[in-house]
Amino acid sequence: MDRKRRGTAAPQPAPQSGAKPARPRPASTPAPEPDDFGYSGKRLGLPEDGPGSLASTGRRLGALAIDWGLSYVIALAFLGHGQLNATGTSFGTLAVFAAENLLLVSTLGYTVGKRITGLRVVSVTRPYLTPLAVVLRTLLLCMVFPAAIWDRDGRGLHDKAVGTAVIRA
């Protein structure tokens, strides 16, 4: 009886171990890029380690905690009149934080917290930070959500939007 009529397929031959090798690529064709993008900052032209490399998340959060704490103390003393839950203390902390970022990042390239943790803000698209870039970066930073969403290099959306990066000094 024929195998096709019974519904069973003919046995397949076993694969040969000496299979034909893949055809070599011409020398003019570049090798395909691997899926791995390398280290953080490679796409930006930054070094892997040491000064000039992208800052780690821990250092960035440490700098943020220092800046926020300093802003809170200033707002508590001058805007909240020493009352912890005063409206002036709550909104004043954000205002002082924004003012610190605007003034210090645009003039020095770092805030007090970034200076203590050995970080600074640089432009990866221009040779210097523009005032408009610092203003936009600060506004996005104060909105929190853009700063909380990172790309695969560890840069927040506030940095990507204006072409900046936080690097080790």
Side-chain angles (χ1 to χ4, degrees), residues 30-169:
E33 290 292 322
D35 290 338
D36 183 32
F37 67 93
Y39 61 88
S40 293
K42 182 177 182 180
R43 295 182 309 150
L44 303 172
L46 300 174
E48 185 173 3
D49 291 330
S53 63
L54 277 179
S56 67
T57 305
R59 280 189 182 209
R60 290 180 70 150
L61 289 176
L64 177 67
I66 293 169
D67 289 335
W68 192 259
L70 181 64
S71 299
Y72 182 77
V73 169
I74 292 170
L76 179 65
F78 295 105
L79 302 172
H81 306 293
Q83 298 176 356
L84 294 177
N85 294 328
T87 305
T89 304
S90 300
F91 291 112
T93 303
L94 184 61
V96 171
F97 179 78
E100 176 195 20
N101 272 278
L102 283 171
L103 294 174
L104 295 179
V105 171
S106 63
T107 57
L108 302 173
Y110 52 80
T111 61
V112 174
K114 284 180 178 50
R115 178 68 175 164
I116 291 171
T117 57
L119 304 177
R120 71 186 166 125
V121 179
V122 296
S123 176
V124 293
T125 57
R126 298 172 183 247
Y128 55 88
L129 286 171
T130 63
L132 180 61
V134 174
V135 169
L136 185 58
R137 182 184 186 276
T138 301
L139 290 174
L140 292 171
L141 180 63
C142 289
M143 290 190 330
V144 177
F145 288 112
I149 300 171
W150 300 329
D151 68 357
R152 65 184 183 179
D153 283 323
R155 292 191 314 155
L157 290 182
H158 65 296
D159 281 327
K160 286 185 65 91
V162 296
T164 59
V166 179
I167 63 168
R168 294 173 57 189

Which atom pairs, donor and acceptor, lie under 3.5 Å between side-chain atoms of residues 47-59 and protein residues at least two apart or in another chain?
residue, atom, partner, partner atom, Å
S53, OG, G50, O, 2.7
S56, OG, R59, N, 3.3
R59, NH1, T117, O, 3.2

Counting only pairs under 3.5 Å, give me each side-chain donor-acceptor contact of residues 61-75, with atom names and distances, residues two or more places apart or in other chains.
residue, atom, partner, partner atom, Å
D67, OD1, T111, OG1, 3.3
D67, OD1, G113, N, 2.6
D67, OD2, T111, OG1, 2.5
S71, OG, D67, O, 2.8
S71, OG, F97, N, 3.4

Discussion item. Between L108 and L103, is the side chain to side chain contact (heavy atoms under 4.5 Å, CB included) condition met? List the steps.
Written reply: CA-CA 8 Å; L108 302 173; L103 294 174; over 6 Å; no
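Note that CG of L141 is 9.0 Å distant from CG of L94, once rounded to the nearest 0.5 Å. Interatomic distance, N101 CG to C142 SG, rounded to the nearest 0.5 Å: 6.5 Å. If you take CH2 on W150 and NE2 on H158, they are separated by 10.0 Å, rounding to the nearest 0.5 Å. The structure places CG of L102 at 4.0 Å from OG1 of T138, a figure rounded to the nearest 0.5 Å.
When side chains are defined from C-beta on, T164 does not count as touching V124, because their heavy atoms never get closer than 4.5 Å. L129 has its side chain within reach of V121: a pair of non-hydrogen atoms, C-beta onward, lies under 4.5 Å apart. The side-chain heavy atoms of R120 and V166, taken from C-beta on, include no pair separated by under 4.5 Å. Between T93 and F91, the closest side-chain pair of non-hydrogen atoms is not below 4.5 Å.
Using modelled atom types, no side-chain atom of D153 and backbone atom of R155 make a donor-acceptor pair closer than 3.5 Å. Of the possible polar contacts, one joining the Y39 side chain to the L46 backbone as a donor-acceptor pair under 3.5 Å is found.
Listed by first then second residue, pairs satisfying salt bridge (Lys or Arg N to Asp or Glu O under 4.0 Å) with a partner in residues 132-146 read R137-D159, not counting sequence neighbours.
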